[in-house]
Amino acid sequence: MSVENNLTEWIRLADMDMATAQHMFNTYYPKPLEIVCFHSQQAAEKMLKCFLATQDTEIPRTHDMQILCDKCMEIEDSFNDIYEASVMLTRYGVIPRYPVEWDILEADAKKAIEDAESVMSFVKDIISTDEKQNAND
């Protein structure tokens, strides 16, 4: 599989996670808040990994958004713009997978969606800009 196909697949999978989170938040009752947060985190995680793939960089096997964002910032300082949003999503990457008592509010799920959308939009813009620069080189 070529790098381009990998990028397309990373984005496709991230978009599916984001669509799932949004759909569940907007249509289910009661809202499955833990799952909404989980899919939001997964969407953002996949986009950070997508960026790393564009840089031909080893992609860490982690759900820790701080580690991923730090690795992205080593390459591109502007990832500092989404650092807080990325790090806030980390807690949703593992805990919702297991039956633990955890109070997540509707506002938390809404914020998780917003943070994931910010990360996704930011990374898509970076990738698009990089592709345009490479085409002009």
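Note that the numbering runs from 1 along the sequence shown for the chain. Predicted model only: the values in this text are computed from it and were never measured.
Scored by the salt bridge (charged side-chain N to carboxylate O under 4.0 Å, His left out) test, Lys124 finds Asp15 as partners (sequence neighbours excluded). Take Met18 and apply the side-chain contact (heavy atoms from CB on, under 4.5 Å) test, not counting sequence neighbours, and it matches Ala21, Gln22, Ser40, Ala43, Ile113, Ala116, Glu117, Met120. Here Lys31 pairs with nothing under the side chain to side chain donor-acceptor pair (under 3.5 Å) rule; sequence neighbours left out. Remark: Lys71 pairs with Leu52, Thr57, Pro60 by the side-chain contact (heavy atoms from CB on, under 4.5 Å) rule, at least two apart or across chains. For Lys110, there are no salt bridge (charged side-chain N to carboxylate O under 4.0 Å, His left out) partners two or more places apart in sequence or in a different chain. Every salt bridge (charged side-chain N to carboxylate O under 4.0 Å, His left out) that Asp17 has, sequence neighbours left out, goes to Lys46. Qualifying ring pair (Phe, Tyr, Trp, His ring centres under 6.0 Å) partners for Phe79, counting only residues two or more places apart in sequence or in other chains: Phe51, Phe122. With sequence neighbours excluded, no residue forms a ring pair (Phe, Tyr, Trp, His ring centres under 6.0 Å) with Tyr83. Applying the salt bridge (charged side-chain N to carboxylate O under 4.0 Å, His left out) criterion to Arg61, with sequence neighbours excluded, gives no partner residue. Taking Asp81 as the reference, nothing meets the side chain to side chain donor-acceptor pair (under 3.5 Å) condition, with sequence neighbours excluded. Ala109 meets the side-chain contact (heavy atoms from CB on, under 4.5 Å) test with Phe25, Leu33, Val36, Cys37; sequence neighbours excluded.
Atom CG of Asn26 is surrounded by more than 12 heavy atoms from other residues, nucleotides or ligands within 6.0 Å.
When all heavy atoms of Met65 and Ala44 are compared, the closest pair comes out as CE-CB, 3.5 Å. For the residue pair Thr90 and Gln66, the shortest heavy atom distance occurs at OG1-N, 3.8 Å.
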Subject >> Full working for side chain to side chain donor-acceptor pair (under 3.5 Å) between Glu45 and His63 >> reply: CA-CA 7 Å; Glu45 177 183 326; His63 301 294; 3.0 Å; yes
Original post:
Between Cys50 and Ile11, is a side-chain contact (heavy atoms from CB on, under 4.5 Å) present by the stated rule, with each step listed?
Top reply: CA-CA 7 Å; Cys50 179; Ile11 294 168; 3.8 Å; yes
**OP:** Let me see the working for His23 and Tyr28 under side-chain contact (heavy atoms from CB on, under 4.5 Å), right down to the final yes or no.
**Re:** CA-CA 8 Å; His23 174 73; Tyr28 280 51; 3.8 Å; yes
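Residue Ile75 is grouped with residue Val87 when hydrophobic side chains (ILVMFWY) are merged at heavy-atom distances under 4.5 angstrom, including chains of intermediate members.
Taking 4.5 Å as the limit, some side-chain heavy atom of Ile59 sits within range of a side-chain heavy atom of Trp10.
Arg91 contributes atom CZ, which lies 6.0 Å from atom CG of Asp108 (distance to the nearest 0.5 angstrom). In this structure, Asp64 CG and Ser86 OG are separated by 10.5 Å, a value rounded to the nearest 0.5 Å. Atom CD1 in Ile127 sits 5.5 Å away from atom OG1 in Thr54 (nearest 0.5 Å). Expressed to the nearest 0.5 Å, how far CG of Leu48 lies from CE of Met73 amounts to 11.0 Å. Taken from CD1 in Ile126 to OG in Ser121, the straight-line distance is 10.5 Å, to the nearest 0.5 Å. Note that CD of Glu34 and CD1 of Ile104 are 4.5 Å apart. Values are rounded to the nearest 0.5 Å.
Using a cutoff of 4.0 Å between basic side-chain nitrogens and carboxylate oxygens, Glu114 and Lys111 are not scored as salt-bridged.
In this structure, Leu13 belongs to a hydrophobic cluster whose other members, linked by side-chain heavy atoms under 4.5 Å apart, are Met16.
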